[in-house]
Amino acid sequence: MAADSTPTDDSSSRPTARVVWKGAISFGLVHIPVALYTATTSEGLDFDWLDRRTMEPVGYKRVNKKTGKEIAAADIVKGIEVEDGQYVVLTNDEIKAAFPKSTQTIEIESFIQASEIPFVYLERPYYLAPINRGEKVYALLREALLESGRVGIARVVISTRQHLAVLVPSGPALILNLLRWGGEIRSFEALKLPPAGAQAAGLKEAELKMARQLIEEMSAPWDADDFRDSFKDEILRLVKQKAEAGEVQSVEKVESPGAAKPGAEIIDLTELLKRSLQGGGKASAKDQEPDDAEPKAPAKAKAPRKRA
């Protein structure tokens, strides 16, 4: 896993103005107040459903799959299939009680070599930016990680969901990349793969030499702008063409939800580092709780989806 790959300096790689989450990075007794920003944009196309007669948005209905009839929200319960056709029904209170407690803290549990995390575990990146006078300690953690070649493994709760994450220095930024949990990655042992090693796989030295030569000839510096979604570009070209021709319909917009909670304050860095080293790097629950962070009220749980 490359910890030093810096995004290109263009408008598409900069964090948006909307803050996703506010809180603090915590390791030992040290807190770094930060704001979380999305680091990616969707490459897909969002085709909205519209009523062709009125150009009004078309939404989803709660429909009984057997009868085809629409049912009231009050008549819907949440269940998880444990066997074919056999479900365990859970109440809203039972689901809410299982939600992890929101502490507004990115709690670093350990530091490891950046190369130890396989790419298959990486799920979604976010930018972290310092807030509330946290610039110096933010820079200190970033530079210490860069010099040591390490990254931080942490847990964080975002919108009532607990995530495993890795804190990675990248140029001037710290990136929080959400990770897939250990049980979510399927083993490749069941696949029919050639054995590891050139000799075990029956490869000849001449074949390896030609393969290495071809790889060398096709090597080039990484530039994300060289790789574009041709389908998306073609659809957007068609949309632009139709818009310029006046083929545009008016559709009522829906407002997006509100902003995130305020973050945490920071106290004396040198003293916290000393206390962390003296105490073996572990902080008490009281020390780890950000001063002004407010836990979010649990949101209404979504019904779990059946895995394919």
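In this text the structure is predicted, and so the values were computed from the model without any measurement.
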Might you work through the side chain to side chain contact (heavy atoms under 4.5 Å, CB included) test for N177 and V151, ending with a clear yes or no? CA-CA 11 Å; N177 202 311; V151 295; over 6 Å; no
Between E135 and R142, is there a salt bridge with N-O shorter than 4.0 Å? no
If we ignore hydrogens and angles and just use 3.5 Å, is the side chain of [X] paired with the main-chain N or O of [Y] as donor and acceptor?
X	Y	result
S170	A173	no
Y138	L128	yes
R155	I106	no
Q104	A24	no

Can you name the nearest heavy-atom pair linking [X] to [Y], along with the distance?
X	Y	result
S219	I215	OG-O, 2.6 Å
E94	T91	OE1-N, 2.9 Å
I185	R180	CD1-CD, 3.7 Å
A200	P195	O-CG, 3.2 Å
I108	G152	CG2-CA, 4.2 Å
W181	Y121	O-CE2, 4.2 Å

For the [atom1] atom of [X] and the [atom2] atom of [Y], what is their distance to the nearest 0.5 Å?
X	Y	atom1	atom2	value
R124	L178	CZ	CG	6.0 Å
L176	I25	CG	CD1	7.5 Å
R212	M210	CZ	CE	10.5 Å
L122	L179	CG	CG	6.0 Å
L174	L167	CG	CG	5.0 Å
I175	L36	CD1	CG	11.0 Å

If you draw a 6.0 Å radius around CD in E70, do more than 12 non-hydrogen atoms from other residues or ligands fall strictly inside? yes
For Q199, is the CD atom crowded, meaning more than 12 foreign heavy atoms sit under 6.0 Å from it? no
For residues W21 and V156, determine if any side-chain heavy atom of one lies less than 4.5 Å from a side-chain heavy atom of the other. yes
Less than 4.5 Å apart, side chain to side chain, heavy atoms only: is that true for R237 and E234? yes
Do I112 and V120 belong to the same hydrophobic cluster, where Ile, Leu, Val, Met, Phe, Trp and Tyr are linked whenever their side-chain heavy atoms lie under 4.5 Å apart, directly or via other members? yes
Are F119 and V168 connected into the same hydrophobic cluster when the rule is that any two of I, L, V, M, F, W, Y join if their side-chain heavy atoms are below 4.5 Å apart? yes
